[in-house]
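Notes follow once the structure below has been shown.
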Amino acid sequence: MCGIVGYNGNEKAVDILLDGLSRLEYRGYDSAGIAIEKNKKIEVIKAKGKLLNLKDKLNKKNLDGTCGIGHTRWATHGEPNEINAHPHVSNDGTVTLVHNGIIENYQELIQKLEKHNYVFYSQTDTEVLANLIDYYYKKYKMGPIDAINRTMVRIRGSYAIAVMFKDYQDEIWVARKDSPMIIGKDKNGTYLASDVPAILKYTKNVYYIDNLECACLKKDDVTFYDLNGDKIEKELNEIKWDVSSAEKEGYEHFMIKEINEQPDVIKKTINSLIFDNKIKLENANLNEEDLKSFDNLYIVACGSAYHVGICAQYIFEDLARIPTRVEIASEFRYRKPILNKNTLVIIISQSGETADSLAALREAKNKGVKTLAIVNVVGSSIAREADYVLYTLAGPEIAVATTKAFSTQLIAIYVLATELAKINKKINNEYYNELINEIKNIPEKIQIILNTLTEKIQKFSSKFSNIHDAFYIGRGLDYAISLEGSLKLKEISYIHSEAYASGELKHGTISLIEDNTLVIGIATQEEIYEKTISNLVEVKSRGAYVIVITTEDKDVSKVANDTIIIPKTNKYFSPSLSVIPLQLIGYYITVSKGLDVDKPRNLAKSVTVE
Ligand code: F6R
């Protein structure tokens, strides 16, 4: 949560900072601020609310400094107002900083600093950092590295910080632990950001700074230091993402652009895992020997990625016959899960920075268990710390509600399950080939759905803009995808919605069904189709307005008020197709309510705090 940026170079910093912040707004958007060097002073400008408010304020100023830092906030400590907005400044203005993360022992540190006559103006945990760095800077008089390193040793929690010192106005100092940060470099200067899209327009060359390291960004170079203050060498990495992938390119919202990108990014992900009709997982460092050694799987993730995990549980167990358990990361880390040396813990994450998923990964590693990350962001913490990494190639996902990352994660699961089924001799060659062919058909089938259903869904969605509740039901994989459909609707439209395994409705929830309650039924699974339809008839006869998502060979006209027909595919891969209309329903209902689809209230794209 929160986004930070920085620039030190030959260009006007304010433009680059604002552009970067606009691309990071998905990480938080309740206030924003920047600090820029100006005539031997560091000027700080902040505003409550969206970035637009900050831009308005900045229009009235003439800031032509070429070195500065910026922040967009998702409030954790202290209400979203201008005082609590970043940057924060130490008592006499020596230190100015922006921070993403949480300082857990900030109260104790405030008390310590108050004894040294520091006073605090905000309710944030960040202000303490500015003053603590200032305290060590003045006490030991050994310069920025020493002050930052002493601060890192003294604080607990997670942070990515960018710091400007009044005495070193042509430098930006950064440090991190457990919160994301990348550092970029090109001929026009050096850059820092919480995430790649913020600087992709300027450079594709980035350094990854590790936990408890700090760095100094000058106009033309970056120097890295470890906790002892010794210099460390880093490699410059090239980001493969297209600049255009982080732009709206004529679409009204990132979410609809990303929905439409799915055939393409899924194809890319398939092409990185299947060569000449054979699955090859060498890119993930996974060989047959490794795969054979796992006799149970533990999938850990949050939100939509957890829903991929639920789909995966059905597929791994049914297709590959491997006992699989899926768990929400924030629960996993505080339980005492039973893992053994033959367990593979799979962490699924778009950002690769989700705090709970990262902690779960570390928990598993501490127990000596092998970990596989299915991750979208290259170089993210989860990708760097896992034993094996399977990258999804969704490209930058900007809309807060995930769509294309979700779909590429499903592909990674299908491929892994098919390979495990083959290695463990649960399927013959013929079926293996059939599965591979069908995985390769998925992008085309999604394209058919997008071409044939977008307009229909757009039209009928407006009639649901005033509803208060919706229920998504299905069985098996249809239930798993109901969970995702329900989340897609509620998180962006603020309509209350729930997903249920259809067979569970009669155990309580059916009492909520009354005239015109919206129920979306997903019925793609042949073996349980009739049972799902019976459940839909039950809700219909209690007054529900029923939308059925099913395949072309089924006639649901007797039960459905509206029908959404999707192409047929192998039963294991149906989530990839049924999720598309569900994404479109969530999107278009939200658009018809006039809400900000890409930046729903209270949410941030990357949840880097617990
Ligand atoms: C919902 C959504 C979230 C994320 C969750 C995990 O649309 O995007 O539920 O799936 O916050 O994030 P990652 O995948 O980055 O770990």
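Read the numbers this way: they start at 1 and go in the same order the structure lists the ligands and their atoms.
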In ligand 1, the atoms that come under 4.0 Å of a heavy atom of Gln350 are 13 (P), 14 (O), 15 (O), 16 (O)
Polar-atom distance check: Thr402 versus ligand 1, any N or O pair below 3.5 Å? yes
With atoms numbered from 1 as shown, which atoms in ligand 1 lie under 4.0 angstrom from a non-hydrogen atom of Ser351? 13 (P), 15 (O), 16 (O)
Could you identify the single nearest non-hydrogen protein atom to atom 16 (O) of ligand 1 and state the distance to 0.1 Å? Thr354 OG1, 2.4 Å
among protein heavy atoms, the one nearest atom 5 (C) of ligand 1 is Cys302 O, 3.5 Å
So, for Val300 and Ala360, which heavy atoms are closest and what is the spacing to 0.1 Å? CG1-CB, 3.6 Å
State whether a side-chain donor-acceptor pair under 3.5 Å links His253 with Asp598. no
For ligand 1, the portion of Glu491 having any non-hydrogen atom under 4.0 Å away: side chain
Check contact between Val400 and ligand 1, using heavy atoms of the residue and a distance below 4.0 angstrom. yes
Taking only heavy atoms of Lys488, which atoms of ligand 1 are found under 4.0 Å from at least one of them? 1 (C), 7 (O)
For atom 11 (O) of ligand 1, tell me which residue out of Thr403, Val607, Leu603 has the closest non-hydrogen atom. Val607
Axial cation check for Tyr159 ring with Arg176, 6.0 Å and 45° limits: no
If the contact criterion is a heavy-atom separation under 4.0 Å, does His307 count as touching ligand 1? no
Tell me if the aromatic rings of Tyr191 and Tyr202 count as close, with their centers under 6.0 Å from one another. yes
Salt-bridge test for Glu385 and Lys365: reply yes if a basic N is under 4.0 Å from a carboxylate O, no otherwise. no
Verify whether the ring centers belonging to Phe464 and Tyr545 lie closer than 6.0 Å. yes
Atom 10 (O) of ligand 1 [closest protein heavy-atom partner, distance rounded to 0.1 Å]: Ser304 N, 3.1 Å
State, yes or no, whether a side-chain contact exists between Glu213 and Lys234 at a heavy-atom distance under 4.5 Å. yes
